[in-house]
Amino acid sequence: MTSPRSGFRPCIDLHDGIVKQIVGGSLSESDSSTLKTNFVSSDSPSHYARLYKENNLIGGHVIKLGPGNDDAAKEALAAWPGGLQLGGGINDKNALEWLHHGAEKIIVTSFLFPSSRFSLERLKNLSLLVGKDRLVVDVSCRRKDDRWYVAMNKWQDLTDMEVNQESLDLLSQYCSEFLVHAADVEGLCQGIDEEMVKKLGEWVRIPTTYAGGAKDISDLDLVNRLSNGKVDLTYGSALDIFGGTLVKFSDLVARSIQ
């Protein structure tokens, strides 16, 4: 039996209907002036979806960062039906609709935390509605007192759920994957949260994708070593297709087919 190996998972982040790369911790529900944008694409969402499809980069995610992104998300999904996961504003009222529009899986966070408190009932019901195999739980988080807590509402509000072995074991009973944005380092291109990746490698028992801070092609090897191949890696602002100068998309594609 071959041991797992960390792979590259692509992303399409949408803000105001446009593909962008932003500093994760700068998003705010109430104050748009805090937003720090690294890149605004002149290419359409479907351009990126087709690029990923042509290179067979499976398991990528489309994230709607706030309102005004539904049409852009539908455009991306239509370019690769069944090839991309979809997150951002997902709840029990629209989850099936997004699967109908072509999402491979739906990604959920805030809906599971009414008033910032975890609701197991909501998770169970959503899992029953769409099927465990079509549900990804986004446990994107921020540090507090040397621990990580799930963050919601564009990563601005901490919830009552600490990310640890116990919480991930509970969540994994009702979903098929985890997506983890390290919001404190997202978009900064200053390196991944190595301690978090190592802990995820110890804790997770289902496929898991980490995003935040990747800045070099060698980070893929670093994540592979730290997580024992159990965690995949998303590159964002460092990538040349998002205006970055540190990592070439073609290099990641080459790595993916080795």
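Hydrogens, waters and symmetry mates are skipped; everything else that's a heavy atom, side chains included, is used.
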All side chain to side chain donor-acceptor pair (under 3.5 Å) counterparts of [X], not counting sequence neighbours:
| X | value |
| --- | --- |
| S46 | S44, R50, E75 |
| E195 | R143 |
| D219 | none |
| S167 | N164 |

Does atom [atom1] of [X] have more than 12 heavy-atom neighbours, drawn from other residues, nucleotides or ligands, at distances under 6.0 Å?
| X | atom1 | answer |
| --- | --- | --- |
| E166 | CD | no |
| L222 | CG | yes |
| R255 | CZ | yes |
| K74 | NZ | yes |

I need the minimum non-hydrogen distance between [X] and [Y], along with the two atoms involved.
| X | Y | answer |
| --- | --- | --- |
| A72 | G17 | CB-O, 3.6 Å |
| C141 | M196 | SG-CE, 3.3 Å |
| A183 | R142 | CB-CG, 3.8 Å |
| Y235 | L220 | OH-N, 3.3 Å |
| A151 | T109 | O-CG2, 3.9 Å |
| D232 | R9 | OD2-NE, 3.1 Å |

Common cluster, [X]/[Y], ILVMFWY with side-chain heavy-atom separation under 4.5 Å:
| X | Y | result |
| --- | --- | --- |
| V197 | L168 | yes |
| L158 | M161 | no |
| V108 | Y149 | no |

Check: [Y] and [X] side chains under 4.5 Å, non-hydrogen atoms:
| X | Y | result |
| --- | --- | --- |
| V19 | L14 | yes |
| L200 | K230 | no |
| D216 | L246 | no |

**Item:** Pairs flagged by side-chain hydrogen bond (donor to acceptor under 3.5 Å, both in side chains) wherever residues 84-93 is involved - sequence neighbours left out
**Value:**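 Every pair satisfying side-chain hydrogen bond (donor to acceptor under 3.5 Å, both in side chains) with a residue in residues 84-93: Q85-E177.
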**Item:** With sequence neighbours excluded, residues passing ring pair (Phe, Tyr, Trp, His ring centres under 6.0 Å) with H47
**Value:**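 So H47 forms no ring pair (Phe, Tyr, Trp, His ring centres under 6.0 Å) with any residue.
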**Item:** For F178, ring pair (Phe, Tyr, Trp, His ring centres under 6.0 Å) partners two or more places apart
**Value:**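 So F178 forms no ring pair (Phe, Tyr, Trp, His ring centres under 6.0 Å) with any residue.
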Test side chain to side chain contact (heavy atoms under 4.5 Å, CB included) applied to [X] - qualifying residues, sequence neighbours left out:
| X | answer |
| --- | --- |
| Q173 | L170 |
| N55 | L51, L57, F249, V253 |
| L123 | L112, F118, L120, L135, V137, L171, Y174 |
| L96 | L99, L129, V130 |

**Item:** Distance (rounded to the nearest 0.5 Å) between E104 CD and L77 CG
**Value:**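 So the gap between those two atoms works out to 11.0 Å.
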**Item:** Distance (rounded to the nearest 0.5 Å) between K198 NZ and N228 CG
**Value:**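 Taking NZ in K198 and CG in N228, the distance rounds to 8.5 Å.
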**Asked** How would you list all residue pairs meeting ring-ring contact (aromatic ring centres under 6.0 Å, His included) that involve residues 194-228, not counting sequence neighbours?
**Response**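 As it turns out, there is no ring-ring contact (aromatic ring centres under 6.0 Å, His included) pair with a partner in residues 194-228 once direct neighbours are skipped.
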**Asked** Sub-3.5 Å donor-acceptor pair from the side chain of S237 to the main-chain atoms of Q21, do we have one?
**Response**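 Such a contact is absent between S237 side chain and Q21 backbone.
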**Asked** Can D71 and K64 be counted as an ion pair, charged N to O under 4.0 angstrom?
**Response**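 Not counted as a salt bridge, because no side-chain N and carboxylate O are separated by less than 4.0 Å.
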